[in-house]
Amino acid sequence: MSITAESVRTVGRRIDVASVPSVPAAGFTTSGHLGWRQSGDGVDLVHTFTAGSISDGAAVTALSDLVHAGIIVGQDEFESAMVGLIATCCDDPSDGWLAFYANSIEDLRSGRSVFSPVHRRARSLVVGRSVLEVGCCFGLFAVQCAQDGLDVQACDICPGALALLDDASARLGVDVRTALGDARALPVPDDRVDTVTLIHLLEHLSSHDVTTAIREALRVARQRVVIAVPFEDEPSAHFGHLQRLSEDDLLRWAAPWIRSGLAVTVFTDHGGWLVIDKQW
């Protein structure tokens with residue numbers, strides 16, 4: 001495979017990412033697929049990911065080692081390195097992204113991904129024939145729902161992520177309609193979809209904004225809102241998490257909707273879940 005490279009200027013630091021046939025030892029610290037070194041105002045990162053090995057789980061696991069070592073710091077650097085790995089694993093970046101989607105979805109469905117239990121549980125909680133994934137990021141859950149024959153919409157604040165999802169879903173032959181929008185002001189009419197999901201989204205918001213986002217989801221949902229959050233010892237800054245959440249937070253979020261007469265369920269399963277039903 002020929003060497004490909006991508007240079008990303010993050011806030012304050014440069015991340016250079018290159019694909020190589022093997023991770024060099026001289027001058028680089030190595031770990032699995034990755035090698036890295038501090039260089040001037042940034043980081044040189046090399047990797048051996050290919051179209052056969054790149055996936056969300058594999059890339060996140062590899063980069064987490066750099067986070068723990070203090071090489072990659074913060075959400076901006078983590079996301080830039082992640083994009084670099086995917087875009088350079090094939091000679092054509094679009095082929096790298098297609099491989100990323102295909103492999104990630106296969107890992108999620110087969111149970112190989114550590115995130116599989118979350119997606120499996122979320123899919124089991126979807127009711128009706130239409131679903132909106134809010135804060136979809138790459139839209140891996142949305143693609144799976146579309147593959148299962150559901151009418152799927154996906155919303156995110158990042159236009160780049162939505163463009164990637166548009167391209168990948170078209171190449172995978174599934175229909176996912178995307179919309180640029182904020183969870184606190186969804187660009188969707190009232191009572192438009194059967195189920196609205198907020199999967200590992202609310203930990204990215206402030207406490208005040210959480211209330212607004214849940215209210216918006218309930219405005220848009222005809223039947224059900226499904227919320228999932230991670231339980232962490234400390235918020236993962238490289239994922240952009242702002243809050244450390246517990247079951248007590250979910251119960252607090254649920255309280256006003258219980259008082260309003262809606263059916264509410266709170267439970268734990270690889271993190272915490274809050275399910276709010278408008279009809280039952």
Side-chain angles (χ1 to χ4, degrees), residues 118-137 139-146 148-158 161-162 165 176-231 235 240-280:
V118 176
H119 277 222
R120 188 178 300 116
R121 173 66 81 167
R123 180 65 186 86
S124 74
L125 293 169
V126 171
V127 295
R129 297 299 305 164
S130 59
V131 59
L132 168 65
E133 183 184 11
V134 180
C136 65
C137 189
L140 297 173
F141 181 72
V143 170
Q144 291 174 81
C145 288
D148 292 343
L150 296 179
D151 179 11
V152 181
Q153 299 179 55
C155 176
D156 201 88
I157 62 172
C158 177
L162 295 178
L165 176 55
V176 176
R177 300 187 307 283
T178 61
L180 184 67
D182 193 307
R184 298 163 296 184
L186 293 172
V188 182
D190 295 357
D191 301 316
R192 177 51 60 94
V193 297
D194 294 320
T195 300
V196 177
T197 67
L198 298 89
I199 303 170
H200 286 212
L201 169 65
L202 298 184
E203 65 273 15
H204 295 262
L205 304 180
S206 68
S207 296
H208 174 75
D209 287 338
V210 164
T211 301
T212 303
I214 295 175
R215 184 180 300 113
E216 272 292 278
L218 283 166
R219 176 184 65 79
V220 170
R222 278 194 293 264
Q223 297 187 54
R224 173 174 286 182
V225 171
V226 177
I227 295 166
V229 298
F231 289 162
H241 296 177
L242 301 180
Q243 297 193 63
R244 176 184 178 276
L245 299 173
S246 68
E247 190 171 5
D248 288 341
D249 295 292
L250 295 175
L251 293 170
R252 177 168 50 82
W253 296 347
W257 308 112
I258 294 173
R259 289 194 296 270
S260 71
L262 299 184
V264 176
T265 305
V266 174
F267 62 95
T268 61
D269 177 16
H270 293 81
W273 296 80
L274 168 60
V275 180
I276 306 175
D277 283 310
K278 297 176 70 174
Q279 301 175 8
W280 58 91

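R123 places a side-chain heavy atom less than 4.5 Å from the side chain of C145. The shortest distance between side-chain heavy atoms of H200 and C137 does not fall below 4.5 Å. Taking 4.5 Å as the limit, some side-chain heavy atom of L140 sits within range of a side-chain heavy atom of H119. In this structure, the side chains of E133 and V152 stay at 4.5 Å or more apart for every pair of heavy atoms. Inter-residue side-chain proximity for I214 and I276 is flagged as met; some heavy-atom pair is nearer than 4.5 Å. Side-chain contact check for C136 versus L162: some heavy-atom pair is nearer than 4.5 Å. For the pair P235/E203, no side-chain contact is recorded, criterion being any heavy-atom separation below 4.5 Å from C-beta on. In this structure, E216 and V134 have side chains that are not in contact, with every pair of non-hydrogen atoms separated by 4.5 Å or more.
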Check your understanding: Can you check side chain to side chain contact (heavy atoms under 4.5 Å, CB included) on R192 and L132, steps first, answer last?
Key -> CA-CA 9 Å; R192 177 51 60 94; L132 168 65; over 6 Å; no

Practice item. Run the numbers on V229 and L274 for side chain to side chain contact (heavy atoms under 4.5 Å, CB included), then give the verdict. Key: CA-CA 9 Å; V229 298; L274 168 60; over 6 Å; no

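Residues D151 and R177 are paired through a salt bridge, judged by an N-O separation under 4.0 Å between the basic side chain and the carboxylate.
Looking at L218, T197, L125 one by one, the single match for side-chain contact (heavy atoms from CB on, under 4.5 Å) with V225 turns out to be L218. With D194 as reference, R222 is the one residue of R222, R129, R224 to meet the salt bridge (charged side-chain N to carboxylate O under 4.0 Å, His left out) rule. Shown are V226, D148, L150; of these, the side-chain contact (heavy atoms from CB on, under 4.5 Å) with V126 is made only by L150.
Expressed to the nearest 0.5 Å, how far OG1 of T211 lies from CZ of R252 amounts to 7.5 Å. Note that SG of C155 is 8.0 Å distant from CG of D182, once rounded to the nearest 0.5 Å. Put simply, CG on L186 and OG1 on T212 are 11.0 Å apart, with the number rounded to the nearest 0.5 Å.
I157 CD1: 12 or fewer foreign heavy atoms inside a 6.0 Å radius.
No donor-acceptor pair under 3.5 Å is formed between the side chain of T178 and the backbone N or O of A154. Of the possible donor and acceptor atoms, none in the side chain of E247 sits under 3.5 Å from a partner among the backbone N and O of G272. Put simply, the side chain of T195 gets close to the backbone of V127: a donor and an acceptor are under 3.5 Å apart. With R219 contributing its side chain and V188 its backbone, the two residues share a donor-acceptor pair below 3.5 Å.
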Just distance, no hydrogens or angles: give the donor-acceptor pairs under 3.5 Å from side chains in residues 260-271, sequence neighbours left out.
from	atom 1	to	atom 2	distance (Å)
S260	OG	W257	O	2.8
D269	OD2	R121	NE	2.9
D269	OD2	R121	NH2	3.3

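Across A213 and L202, no two heavy atoms sit closer than the pair CB-CD2, 3.9 Å. Shown here for L245 and F231, the closest heavy-atom pair between the two residues is O-CD2, 3.3 Å.
Scored by the side chain to side chain donor-acceptor pair (under 3.5 Å) test, H204 finds no partners at all (sequence neighbours excluded).
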